[in-house]
Amino acid sequence: ICGILCPKLDMEGLKVMVTAGGTRERLDPVRYLGNDSSGKMGFAIAAAAKARGAEVTLVCGHTTAQQPADIPVVRVESTCDLYDAVTSRAPEMDVIIQAAAPADYRFAVTYTEKHKKAHDGQPFVIELVENPDIAAAVGAAKKPGQTLVGFAAETENLHANAQKKLAKKNLDLIVANDVRQPGAGFNVDTNIATLITRDGLTDCPLQSKAELAETILDKVMELRAK
């Protein structure tokens with residue numbers, strides 16, 4: 001009720017791009033390499049930013065969550081597709097929040113027809129090649145006044161790995177979570193996270209992804225005020 005009657009419009013005039021969901025790397029027309037990202041966290045952030053007055057662009061890979069209404073959506077499949085969509089739009093954005101889970105690798109060979117089983121008992125050896133690093137590319141081309149937010153889904157050394165990513169990819173804020181924790185990670189409505197900046201960290205205990213989205217945007221606006 002408070003949000004409807006007394007909306008917080010602190011993001012009016014800002015152009016915000018949010019990425020969500022997972023990418024798929026095709027082996028052939030019926031098989032792919034992917035991950036469990038549902039898009040719920042990215043969608044929650046996009047909806048919260050729009051409610052706060054921002055002009056939001058949502059770039060999505062594969063998602064299973066309900067897409068927020070009235071937000072322009074750019075759909076992509078592979079990490080290279082996501083790279084092109086994000087880097088081409090990044091220069092005009094004030095805030096870029098990369099909540100998507102792009103695949104780190106793709107198949108060296110993609111078959112145009114379904115790859116048939118050999119029936120000879122021999123292993124089918126597949127070569128993977130590294131995909132471009134989207135966050136690093138956006139960070140390298142960062143413009144004055146832009147605020148860049150990344151995510152780190154980890155299973156070990158959460159803070160150390162996230163802090164390395166923050167520095168390496170020229171981010172202002174990284175949202176780190178241990179996907180092994182109950183109630184955190186993919187395909188759930190809640191999350192547990194640590195918000196890490198160059199000045200310190202803020203622990204966010206178990207809460208809905210909608211609540212965490214607001215906390216992330218509060219931190220973004222705090223950073224922009226500085």
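Just so you know, these numbers come straight off a predicted model, no measurement behind them.
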Residues R52, D10; criterion salt bridge (charged side-chain N to carboxylate O under 4.0 Å, His left out); working and verdict: CA-CA 6 Å; R52 291 167 77 149; D10 58 341; 2.9 Å; yes

Working note: E77 + R26, criterion salt bridge (charged side-chain N to carboxylate O under 4.0 Å, His left out); need CA distance, chi angles, decisive distance, verdict. CA-CA 9 Å; E77 180 173 66; R26 287 281 169 189; 3.3 Å; yes

Scanning both residues in full, the closest heavy-atom pair of P102 with L82 reads CB-CD2, 4.0 Å

Report the C-alpha distance between F107 and L128 in whole Å, list the side-chain angles of each, state the deciding distance to 0.1 Å, and finish with yes or no for side chain to side chain contact (heavy atoms under 4.5 Å, CB included). CA-CA 5 Å; F107 295 106; L128 299 176; 3.5 Å; yes

Linking I/L/V/M/F/W/Y whenever their side-chain heavy atoms sit closer than 4.5 Å, directly or via other members, would I71 and V220 fall into one cluster? yes

Distance (rounded to the nearest 0.5 Å) between E154 CD and T194 OG1: 11.5 Å

Quick one: does D94's side chain have a donor or acceptor within less than 3.5 Å of a partner on L14's backbone? no

F186 and S38, any side-chain heavy atoms less than 4.5 Å apart: no

What one should report as the nearest heavy-atom pair of V16 and A49 is CG1-CB, 4.5 Å

Report the C-alpha separation of E92 and M17 in whole Å, then their side-chain angles, then the decisive distance to 0.1 Å, and conclude whether the side chain to side chain contact (heavy atoms under 4.5 Å, CB included) test is met. CA-CA 10 Å; E92 65 187 65; M17 177 164 55; over 6 Å; no

If every non-hydrogen atom of S37 is compared with every non-hydrogen atom of A101, which pair is closest and at what distance? CB-CB, 3.8 Å

Is there a side-chain contact between V59 and V76 in this structure, where contact means two heavy atoms from C-beta onward sitting under 4.5 Å apart? yes

Work out which heavy atom in G22 is nearest to a heavy atom in N35; give both atom names and the distance. CA-OD1, 3.6 Å

Donor-acceptor contact below 3.5 Å, side chain D133 vs main chain A135: yes

Could you check whether any side-chain heavy atom of R106 comes within less than 4.5 Å of a side-chain heavy atom of L33, counting everything from C-beta outward? no

Below 4.5 Å, heavy atoms only, C-beta onward: do K50 and P68 meet side chain to side chain? no

hydrophobic_cluster_shared for V149 and L171, side chain cutoff 4.5 Å: no

Atom CG of D203: over 12 foreign heavy atoms under 6.0 Å: yes

To the nearest 0.5 angstrom, please state how far the CD atom of E211 sits from the CG atom of N191. 11.5 Å

Could you see if L173 belongs to whatever hydrophobic cluster contains M221? Use Ile, Leu, Val, Met, Phe, Trp, Tyr and a side-chain cutoff under 4.5 Å. yes

Can you list the steps and then say if R224 with T147 is a side chain to side chain donor-acceptor pair (under 3.5 Å)? CA-CA 7 Å; R224 292 187 65 80; T147 306; 3.0 Å; yes

Pairs involving residues 53-68, ordered by first then second residue, that meet salt bridge (charged side-chain N to carboxylate O under 4.0 Å, His left out) (sequence neighbours left out): none

Contact summary for M41 and F151, nearest pair of heavy atoms: CG-CE2, 3.8 Å

Donor-acceptor contact present, side-chain N161 to main-chain E156, <3.5 Å: yes

Non-hydrogen side-chain atoms of L195 and I216 separated by less than 4.5 Å: yes

Under 4.5 Å between side-chain heavy atoms, counting indirect links through other Ile/Leu/Val/Met/Phe/Trp/Tyr residues: same cluster for I45 and I196 or not? no

L201 and I174: same hydrophobic cluster, using ILVMFWY side-chain contacts below 4.5 Å? yes

Does the side chain of I97 come within less than 4.5 Å of L217's, by heavy atoms? yes

Could you please spell out the steps behind the side chain to side chain contact (heavy atoms under 4.5 Å, CB included) verdict for I192 and L206? CA-CA 5 Å; I192 303 167; L206 182 68; 3.8 Å; yes

More than 12 foreign heavy atoms under 6.0 Å from CD1 of I1: is that the case here? no

Nearest 0.5 Å, please: how far is CG in L148 from NZ in K143? 11.5 Å

Under 3.5 Å side-chain donor-acceptor pair for T215 and D218: no

Look up atom NZ in K169 and atom NZ in K142, then write down how far apart they are to the nearest 0.5 Å. 14.5 Å

Enter the distance from T202:OG1 to K219:NZ here, rounded to the nearest 0.5 Å. 4.0 Å

Is any side-chain heavy atom of S208 closer than 4.5 Å to a side-chain heavy atom of D189? no

Looking at T57, is its backbone amide N or carbonyl O close enough to the side chain of R89 to form a donor-acceptor pair, meaning the two atoms are under 3.5 Å apart? no

List the steps and the verdict of side chain to side chain contact (heavy atoms under 4.5 Å, CB included) for M93 and V86. CA-CA 10 Å; M93 298 295 165; V86 170; over 6 Å; no

Under a 4.5 Å cut-off applied to non-hydrogen side-chain atoms, are E25 and T79 in contact? yes

Measuring from L223:CG to T197:OG1, what's the distance to the nearest 0.5 Å? 6.0 Å

List the atom of L158, the atom of A176, and the distance in Å for their closest heavy-atom pair. CD1-CB, 3.7 Å

N/O donor-acceptor pair under 3.5 Å between R180 side chain and T155 backbone: yes

Does the plane of the ring in F124 sit parallel, tilted or perpendicular to the ring in Y111? Use 30° and 60° as the thresholds. tilted

